[in-house]
2 protein chains.
Amino acid sequence: MTSRTQNIVDVEVIGWQAQKSAGTRNAILESAIACIVEFGYAGATTTAISRKAGLSRGAMLHHFPSKLDIIRGAVEHLHNKRLKAFRRAMSRVAAPTEDRVALGVDAFFDHVRHPMFVAFFELSVAARTDPELAGILRPTQEAFEAEWYRTAKEVFPEWQGRDEQFDIALDLSRYVMEGLAVSSLTHRGSESDKRILKYLADKLHELRDA
Amino acid sequence: MTSRTQNIVDVEVIGWQAQKSAGTRNAILESAIACIVEFGYAGATTTAISRKAGLSRGAMLHHFPSKLDIIRGAVEHLHNKRLKAFRRAMSRVAAPTEDRVALGVDAFFDHVRHPMFVAFFELSVAARTDPELAGILRPTQEAFEAEWYRTAKEVFPEWQGRDEQFDIALDLSRYVMEGLAVSSLTHRGSESDKRILKYLADKLHELRDA
DNA sequence: ATTGAAACCGGCAGCGCTGACTGTTAGCGT
DNA sequence: ACGCTAACAGTCAGCGCTGCCGGTTTCAAT
């Protein structure tokens, strides 16, 4: 109870009441992400975003002067959420369990099936033909990729010294699971996911023990 | 010479001179595909398509009354081209060579790096949030996928009887190479392609000889 | 209580895209 | 030679999206 009160006081001190409309910013960014997932990047218009966020377009443009500002904010927001989710998942994998490889595969597959992945995917595809969006996205993607490699090395120390095999394992995992995810997005969801994931886990074990 | 004259006569008989504007239809469809690759599906406007095709918008709308008609035609056009290219590539793989698996990997990787794949990819992504486009695309995708499985079984008869391994090999190939291709589209081209492709070929050999 | 800033709303103009229209030219059948 | 049809050009209205501006309410500070 004390800490909760303290928390409220903190909020009141740091940001004054009106600042609570940081919640509005948050709602706008969440809405933008939801619209990208639901309507695609081209269909994520400012009208749709403001409506789903529950305020008028004019009010939204008060917080974010232009559409690109919204996108910029949404990318950053997504990046933070994705990093946090990824670290949480990885901390579970890091625990000393019998088969951490299988856990890692499951974790990464969960990540790749999450709506956040869909949003990043849509953004990436749009960025291919939109240099401005590409400029926004590139640093974020590189940051996540670097974090991914770093964390993977950290979580699987037993691979130390077999860099070649480890890199292959990471590439293989990434391509198989991203390919799988993209396939299930564009074509309809497949039925043979389990089979190929089991094969992938087998091969990762081989690469580790070779 | 005779055959050439005969040919001209044939053309004149079957299709009258004005029918040569079937070439115009072809140019429009090629332009549509090029625009999808260059500007993305959302950026492939009728204006851009007509300009790249070298005629006025009004003239283009004479051949294809609506934009969706153009897309329909472009999808069909793409499908035919892709099937032909695929069969040509597979006929080379079918020849009795020392390592047909490696040839197959190379062939499919070429296919996946071809602009046609980019076009289909853009269309697939757009179709995720565009039911009408999805309706156009689905039969085509399924037809190609079916042809892919059929041809693969035909080209690699030595796999006969090991259906389980064969299906895994096909899924693995597809996901790895599509994942690779998509990655090189959205992120920048990677440098470790060769390494993972070599690993893939190794594993395919194992699956064949296991 | 008054003032000022910030959150919010509604409306407006500009722009690009689509689809439909009218007008022009060239080739084919009779 | 004549008329018809089809390929082509150019223009127009309608529509949706973006960005901006004026107006209103709410809240904190003095």
Side-chain angles (χ1 to χ4, degrees), chain A residues 8-32 35-36 38-74 126 129-130 132-133 136, chain B residues 8-32 35-36 38-74 126 129-130 132-133 136:
Chain A
I8 289 177
V9 169
D10 277 5
V11 167
E12 280 172 351
V13 167
I14 294 177
W16 68 110
Q17 286 256 347
Q19 169 101 13
K20 273 200 170 175
S21 74
T24 306
R25 279 180 62 98
N26 206 317
I28 292 172
L29 298 182
E30 288 287 342
S31 168
C35 284
I36 290 174
E38 183 171 355
F39 308 123
Y41 182 75
T45 66
T46 54
T47 309
I49 294 174
S50 67
R51 183 170 42 207
K52 194 180 276 272
L55 39 65
S56 73
R57 246 176 47 82
M60 187 176 71
L61 261 63
H62 170 75
H63 291 275
F64 298 92
S66 89
K67 181 177 179 176
L68 222 74
D69 289 313
I70 302 178
I71 299 302
R72 234 184 298 270
T129 53
D130 185 337
E132 210 157 12
L133 179 57
I136 296 175
Chain B
I8 288 177
V9 168
D10 277 7
V11 167
E12 279 171 352
V13 166
I14 295 176
W16 66 111
Q17 286 256 348
Q19 169 101 13
K20 273 201 172 176
S21 74
T24 305
R25 280 180 61 99
N26 208 318
I28 293 171
L29 298 181
E30 289 286 341
S31 169
C35 285
I36 291 173
E38 184 171 353
F39 309 122
Y41 182 73
T45 67
T46 55
T47 308
I49 295 174
S50 67
R51 183 169 43 209
K52 195 180 276 275
L55 38 63
S56 73
R57 245 178 49 82
M60 188 176 70
L61 290 192
H62 169 74
H63 290 276
F64 298 92
S66 90
K67 181 177 180 177
L68 221 74
D69 290 314
I70 302 178
I71 299 301
R72 234 184 298 270
T129 52
D130 185 338
E132 209 158 15
L133 179 57
I136 296 175

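Bear in mind the structure is a predicted one, so any value in this text is a computation, not a measurement. Residue numbering restarts at 1 for every chain, and letters A, B, ... go by the order of the sequence lines. We use all heavy atoms of the structure for the numbers below, so side chains are in, but hydrogens, waters and symmetry mates are not.
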Please check the phosphate of D:dC8 (OP1 and OP2 only) for any side-chain N or O of B:H63 closer than 4.0 Å.
yes
Measure the distance from CD1 on B:I70 to C1' on C:dG19 and round it to the nearest whole Å.
11 Å
For the pair made of OH in B:Y41 and C1' in C:dT18, what is the distance, rounded to whole Å?
13 Å
How many whole angstroms separate atom CD1 of B:I28 from atom P of D:dA9?
10 Å
Rounded to whole Å, the CZ-P distance (B:R25 to D:dA7) equals 9 Å
Should B:T24 be listed as having a side-chain N or O under 4.0 Å from OP1 or OP2 of D:dA7?
no
Measure from CG on B:N26 to P on D:dA7 and round the result to the nearest Å.
15 Å
Can B:R57 and B:T46 be said to form a side-chain hydrogen bond (donor to acceptor under 3.5 Å, both in side chains), step by step?
CA-CA 7 Å; B:R57 245 178 49 82; B:T46 55; 2.8 Å; yes
In the structure I gave you, are the side-chain heavy atoms of A:T45 and A:F39 within less than 4.5 Å of one another anywhere?
no
Partner set under salt bridge (Lys or Arg N to Asp or Glu O under 4.0 Å) for B:K52, not counting sequence neighbours:
B:E38
Would you check if B:L29 and B:F64 make a side-chain contact, meaning some heavy-atom pair closer than 4.5 Å?
yes
N/O-N/O pairs, protein side and nucleotides 15-18 of chain D side, under 3.5 Å:
residue : atom : partner : partner atom : Å
D:dT18  : OP1  : A:K67   : NZ           : 2.9
D:dT18  : OP2  : A:T46   : N            : 2.8
D:dT18  : OP2  : A:T46   : OG1          : 2.5

Any side-chain heavy-atom pair of B:I28 and B:S31 under 4.5 Å
no
Using a 4.5 Å cut-off on heavy atoms from C-beta on, say whether the side chain of B:L68 contacts that of B:R72.
yes
Write down the distance between CG (A:L55) and P (C:dG10), rounded to a whole number of angstrom.
11 Å
OP1 or OP2 of D:dC8 less than 4.0 angstrom from a side-chain nitrogen or oxygen of B:H62, does that happen here?
no
